[in-house]
Each structure stands twice: as C-alpha cells, then as structure tokens.
Amino acid sequence: MQAQDAQGWISYAVTAVIIGIVFAIRWRRMSVVKPLKLERLWIFPALYAAVALYMFVMYPPHGLAWLFCALALVMGAALGWQRGKLMRITIDPDSHALNTTSSPAAVLFIVAIVAVRTGARAVIGDGQALHLDAFAITDMLVALALGLFTTQRIEMYLCAKRMLETARVR
C-alpha cells in the first residue's frame, strides 16, 4: 500500500513540475504582442468542432455520458467566456490594427483548471464512482475543450469588434 501511495505522490510531483515548466514558458511569452485577425478567430474552433463531431459520431457516448458531456460543454463555455474576458486586446489608434497579448490572469486561469482537474481525478479516481469509463471521461474532456475554445474566441471577437467600433467613431 505504501508503494502505491508513493507512486501517487510521484505522479502529482511530475504533473506539478510539467505545469511549472509550461507556466514559466508561457510567462516569458506573455509580453509578446501578436496581431489579432478577427477573420481568423473561427478557424481553430471550427477545426476542433470537426474533430469533436467525428469523435462523437464514431465513438458515441452511452447513457448518462451524454448528459455529462452536455454539462462539460456548458462548463467549458463558461470557462471559455471567462478566459476570453481575461485576454488583453489592444487597438492602434491610428491604423486600427488589433493586437493581443496573453494575460497573466488567463495563464493562471488555465493552471487553475488543470489543478482542479488533477484534484478531481484524485477525489473521483478512475471514474468508477460515477460509473464512467475512460471513453466517457475523454468525451467529457473533448466537450469541455470545445466549449472553452469556441466561447473564448467568440468573446474575443465581440470585445475586439466593440473596440473597433469605438475607435472608428473617434
């Protein structure tokens, strides 16, 4: 039993180190200003939606897993909306060019999501308490990501559109 506990702690330590490395890399890149092209914001969510649709058609969830997938999609949408609000979007007053930089809060938000997921995995375990298998859990994560990516891009689009309209009035 002690070897299993040690293995669990090692797993958490490795996860923490990986998250720390990813966070450090993202933190260094946060000051990089990237152009924001409104006409391209739909591409990644559309590609991911196609992959998610393929997965749900080829390997459909069964029973209550559909409900959990729907809840995960709604939760992902809420998280994506919040993450979209945390993104820093700036506009050049002369050219009206949109730019974006990563927000420290947005990166911390993703780290918090990963931490909650890891904590839930520790509490729930392999999903047997909810009568879910690995495929159902994967389906829920796909739905969560779809909601997150799509809603984040929609929120960024709406915010940038408002900024452009305000800048053009001036």
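Remember, it's a predicted structure, so these values are computed and weren't measured experimentally. Note that these values count all heavy atoms, side chains included, but never hydrogens, waters or copies made by symmetry.
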Handout entry: Exceeds 12 heavy-atom contacts within 6.0 angstrom, atom CZ of F56
Key =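 Buried by this count: over 12 neighbours within 6.0 Å.
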Practice task
Assess whether atom CE of M163 is packed by more than 12 heavy atoms of other residues, nucleotides or ligands within 6.0 Å.
Solution key: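 More than 12 heavy atoms, drawn from other residues, nucleotides or ligands, come within 6.0 Å of this atom.
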[X] vs [Y] side-chain heavy atoms within contact, under 4.5 Å:
X	Y	result
L144	L79	yes
L146	V51	no
F68	P61	no
V142	Y48	yes

Return the minimal non-hydrogen interatomic distance between [X] and [Y], and the atom names on each side.
X	Y	value
A143	C69	CB-O, 3.4 Å
G147	L73	N-CD1, 3.6 Å
L36	A160	CD2-CB, 4.1 Å
T100	M87	OG1-CE, 4.2 Å
A167	H96	O-NE2, 3.5 Å

Exercise for the section: Applying side-chain contact (heavy atoms from CB on, under 4.5 Å), run through I89 and T101 and close with a yes or a no. Expected result: CA-CA 7 Å; I89 299 173; T101 55; over 6 Å; no
Exercise for the section: Would you please test L98 and L164 for side-chain contact (heavy atoms from CB on, under 4.5 Å) and show each step? Expected result: CA-CA 8 Å; L98 293 165; L164 277 175; 3.8 Å; yes
Atom pair [atom1] ([X]) and [atom2] ([Y]), whose distance is rounded to the nearest 0.5 Å:
X	Y	atom1	atom2	answer
C159	I154	SG	CD1	14.0 Å
Y157	L41	OH	CG	9.0 Å
R83	M156	CZ	CE	8.5 Å

Exercise for the section: Indicate yes or no for a side-chain donor-acceptor contact from T151 to the backbone of W81 under 3.5 Å, with no hydrogens or angles considered. Expected result: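 Here the side-chain-to-backbone pair does not exist.
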Exercise for the section: Evaluate side-chain contact (heavy atoms from CB on, under 4.5 Å) for Q82 paired with Q152, printing each intermediate quantity in order. Expected result: CA-CA 7 Å; Q82 185 59 39; Q152 175 187 348; over 6 Å; no
Practice task
Take E165 and V169 through the test side-chain contact (heavy atoms from CB on, under 4.5 Å) and record every step on the way to the result.
Solution key: CA-CA 6 Å; E165 289 171 5; V169 168; 5.6 Å; no
